[in-house]
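Accompanying notes for the structure given below.
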Amino acid sequence: MNQFDFLNDLNPEQLEAVKCIEGPMLVLAGAGSGKTKVLTYRVAYLVASGVPFNEILCLTFTNKAANEMRNRITSLLGELGKKSLGGQGWIGTFHSLFARILRAEAEKLGYSSNYTIYDEDDSLRTIRELLRERNLSEEIFSPSGIRWKISQLKNKAVLPEEFLAQARIRQDQVSAQIYSEYEKRLRKNNAMDFDDLLLKPILLFHRDRGVLEKYQNKFKFILVDEYQDTNRAQYVLLKLLAESHKNICVVGDDAQSIYSWRGAELKNIFDFQTDYRGCKVFRLEQNYRSTGKILKAANSIIVHNRRKLDKELWTTNHEGEKLTLLKCDTDRDEGYRIVQKVREEILKNKLQLRDFVVLYRTNYQSRSLEEAFNKNAIPYVIVGGIAFYRRKEIKDILAYLKLIINPSDDESFLRIVNLPQRGIGDISLQHLKRFAESNSLSLLSASGMADSIVEVQPRQRRQLLEFHNLIFKYTKLKDQMKASQLVQSLTDEIGILKDLKEEATTESLERIENIQEFISGIAEFQQEYPDSTLEDFLSEVSLVADVDRWDARQNSVTLMTIHAAKGLEFPVVFVSGLEEGLFPHSSKEDEELEEERRLFYVAITRAKKKVYLSYAKERYRYGHPTFQSPSRFISEIKSDLIEDDNEGKLIADTERDALSYMLEKLGVSFGNNSIMSKPFDRDKLGQVERTNKELKVGSIVEHEMFGIGKIVEISGKGENTRAVVVFGSNQRKQLLLRYAHLRLIK
DNA sequence: TTAATTTGCACCTAC
DNA sequence: TGCAAATTAA
């Protein structure tokens, strides 16, 4: 047995790609052909051949993929792995690895290493402020439009001066102006946005040859996953780093490029061979994931695209079943039919809940699906939607932490200075800003001198000083206590949990849970990285993706967007909402339409065994029912590969009957199925409240959001009666009966 | 200065 | 429909 034994489970093409180490190479790898496997084995092979682990730069698309890859490499290498890997190495996303490099080199860019990372909301706030300060109308110059423009420019590595020079129309000139001011403002706040994490290293490398050489020497081998989704800035970074040794291996599939709206350029993968002379090309066309029929269906879709590289996937897997089309009456119906199919598949093929994924184009589609899963007590998890770290309550606490670490961060200051309410409003802030500006101070230091600002009322002065002292107290404390303790003590002091508890709505209870989860998240992070600082944690949370938090092992059906599903696989895949205007999304043509088609291709190729497609003839959009027509993509699938589901309607009716029966038992009268569209009619509330008196431990109840559950505990009395309810999706919720409006079922 | 109410707009996709 | 900004009342 030797250290290269692991190479035995590669096919000849994969093996060749793994063992060819020197020089530039391009691996064109179709869906399910083992592209991540090649990258993983390649890193392991390099290490086994004696290359130090931390001299390998490996760029993945998500943190999750990076972690999986790291674990896999360790296990491939066995004993050798434990010895040589140590540390976390340089496997990760572009954003997280370059954020790390920027921390180390911040001073060279005029930043300090405790810089804050701004997300889109923070950027938008900043742009709004700049427009307001300049008296530019938000109607004429849309803040989100400008933010979008700035982001696009940064992705293309275009600087404000360059854009200003080429701006002809007034809109562009204003955008260029704001872009330039925005840069200054971020610098003043010691902050960078997401795009800066790629752009700033480029500027650094251009400005300081020595630093560039340092990293060129450090990273002797570069590997890139999902190369088809890199943007111009990423391309330039790679070009710079690989310049001296040219040991760059990129892996990708042009048919799976789905991020052009984020600046990704297919050009990068198309031109790789001419960019890097002497580049070797490998093709992986054997698919190990899907059945023959699924693969043929996928191929029959992608041939409708004109802009693509030549490649056709094949497999030796079973032919499998045809794709099944569910033609549904409404979006609600769609949810029920999907649930029904999940049940059928579980019974028929002995599958588990974790074997299913429901995919959709836009996040809001999860709502109608969620309802069906709730009502039928099928455990599910939604990936995405409002990302955990973007929730208001979490962002509020994060703003405190950011300000504690980076006192120049005026954005965070403005977010929390009056939260909880300290009676500091617009007017006081205007004065404070003016004072800060004329003395070149940050807003936080300015509040420390509030007594010298004559325009501010005494009450507000006192509040500002107090706020300043609060932040400073924690600035001093942060190195003495654990981050999780600090957050606990901070949240206690500002009383955010107390306020939410008093509110006692289901929503506020959920927020409390989120905050608690956040605190335990910090504790976990510290356990994993004992030497880490609060700064490390903050930079980590800024860069986690929705899928990073998703646990494939838990036994629930997964609901997510197709974008989030990239790189994943499931035995059974539902692709829902196949309607014109939704998927493909409205007004897409030519190149954009081709990207929608690639997205559909990605969706279908996630499946191992079975694909269900569905559309609804009528769907709620903007709160109104809208007529929808089937997506053109459905008819692009070769007709012998797809079949209609005929039982469907009958089953959906059965579902409806079950619900009707339930409602009838509750004494809710109805004559037609209009009750279906608003089962929680407010007229019925009085009645619901009366039933609350009859609730006891063991009662089966229904909740508007969580569906059907069982009461396991009741506490308190009168107004404050609470119940602990375990719902079907296995969620345990503590609810205040006054707000929860539980419906007694049994 | 804040709370209450109205209006207006949105529903792409995300590090 | 459902949220967030804008407007108005307190």
Side-chain angles (χ1 to χ4, degrees), chain A residues 59-66 92-99 117-121 123-125 128 132 138-139 142-144 148 151 154-155 192-198 226 229-231 233-234 257-264 331 359-368 383-387 389-390 392 418-430 456-457 459-460 463 507 539-548 560-566 577 579 581-588 592 595-596 598-600 602-603 619-626 628 677-678:
Chain A
L59 296 153
T60 59
F61 203 72
T62 62
N63 295 301
K64 188 179 166 57
T93 63
F94 273 94
H95 287 88
S96 63
L97 295 187
F98 283 100
I117 299 173
Y118 279 5
D119 66 16
E120 290 87 349
D121 295 338
S123 301
L124 196 59
R125 265 181 86 111
R128 281 226 169 84
R132 236 169 262 163
E138 290 195 8
E139 261 101 81
S142 112
S144 57
W148 181 254
S151 173
K154 287 188 172 187
N155 283 157
M192 301 205 202
D193 63 22
F194 283 132
D195 305 315
D196 282 334
L197 300 179
L198 307 175
E226 311 280 11
D229 277 323
T230 51
N231 61 32
Q234 289 165 325
S257 166
I258 55 176
Y259 280 94
S260 75
W261 48 274
R262 215 166 86 186
D331 46 353
L359 300 177
Y360 36 80
R361 177 67 236 267
T362 64
N363 275 307
Y364 90 100
Q365 288 169 256
S366 67
R367 271 192 223 154
S368 51
V383 176
I386 306 165
Y389 292 112
R390 297 259 194 88
K392 187 189 172 297
N418 200 30
L419 196 140
Q421 286 172 357
R422 297 183 174 89
I424 302 166
D426 243 10
I427 308 215
S428 312
L429 285 178
Q430 293 298 332
V456 175
Q457 301 297 310
R459 204 177 93 90
Q460 274 71 17
Q463 290 287 347
E507 191 187 296
S539 132
E540 162 107 357
V541 301
S542 304
L543 300 173
V544 289
D546 295 328
V547 272
D548 294 337
M560 61 170 108
T561 64
I562 303 165
H563 282 92
K566 175 169 171 159
E579 295 141 39
L582 188 59
F583 192 21
H585 202 267
S586 51
S587 63
K588 303 270 182 186
E592 283 190 318
E595 178 148 318
E596 295 287 303
R598 291 194 293 267
L599 196 54
F600 188 41
V602 168
R619 176 179 299 278
Y620 269 80
R621 301 185 82 178
Y622 306 109
H624 302 289
T626 324
Q628 303 284 103
S677 51
K678 40 176 180 178

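Labels below follow one simple rule: chain letters A, B, ... track the order of the sequence lines, proteins then strands, and each chain is numbered from 1. In this text, all values refer to a predicted model and were calculated from it rather than measured experimentally.
- Among the heavy atoms of the strands lying under 4.0 Å from Asn418(A) are primed sugar atoms or P, OP1, OP2 only; no base atom is included.
- Phosphate proximity of dT1(B) to Ser428(A): present, with a side-chain N or O under 4.0 Å from OP1 or OP2.
- Residue Gly425(A) is in sugar-phosphate contact alone, with no base atom involved, counting any heavy-atom pair closer than 4.0 Å across all strands shown.
- Atom pair Asp546(A):CG and dA14(B):P shows a separation of 6 Å (rounding to whole Å applied).
- Atom CD of Gln365(A) and atom C1' of dT13(B) are 11 Å apart (whole Å).
- Taking the C1' atoms as reference points, dC12(B) lies 22 Å from dA5(C), given to the whole Å.
- Listed pair Gln457(A) / dT1(B) fails the phosphate criterion, with no side-chain N or O lying under 4.0 Å from OP1 or OP2.
- For the side-chain hydrogen bond (donor to acceptor under 3.5 Å, both in side chains) test, no residue two or more places apart in sequence or in another chain qualifies with Ser542(A).
- Summarising the geometry, the separation between CZ on Arg390(A) and P on dT13(B) is reported as 11 Å, rounded to the nearest angstrom.
- In this structure, Leu599(A) reaches neither bases nor backbone, as no heavy-atom distance under 4.0 Å exists between it and the strands shown.
- Taking atom CG on Asp548(A) and atom C1' on dA14(B), their separation rounds to 11 Å, with Å as the unit.
- Between dC12(B) and Asn363(A), no contact under 4.0 Å exists linking OP1 or OP2 to a side-chain N or O.
- The residue among Ala564(A) and Leu582(A) whose nearest nucleotide of DNA chain B lies closer to the 5′ end is Leu582(A).
- Note on Ser586(A): nothing from the nucleic acid sits closer than 4.0 angstrom, heavy atoms only.
- The aromatic ring of Tyr259(A) is not stacked on the base of dT13(B), since the criterion of ring centres less than 5.5 Å apart with planes inclined by under 30° is not met.
- Between Trp261(A) and Tyr259(A), the ring-plane angle classifies as tilted under the 30° and 60° cut-offs.
- Remark: P of dC12(B) and OH of Tyr364(A) are 9 Å apart, rounded to the nearest angstrom.
- In this structure, Gln421(A) reaches the sugar-phosphate backbone alone: every heavy-atom distance under 4.0 Å involves primed, P, OP1 or OP2 atoms, never a base.
- As rounded to whole Å, 13 Å separates atom P of dA5(C) from atom CG of Asp426(A).
- Within 4.0 Å of Asp195(A), counting heavy atoms only, lies no atom of the nucleic acid at all.
- A close approach under 4.0 Å does occur between a side-chain nitrogen or oxygen of His585(A) and OP1 or OP2 of dC12(B).
- With distances taken from any side-chain atom of Ile427(A) to the nucleotides dC11(B), dT1(B), dA14(B), the minimum falls on dT1(B).
- Separating the CG atom of Asp331(A) from the C1' atom of dT1(C) is a distance of 12 Å, rounded to the nearest angstrom.
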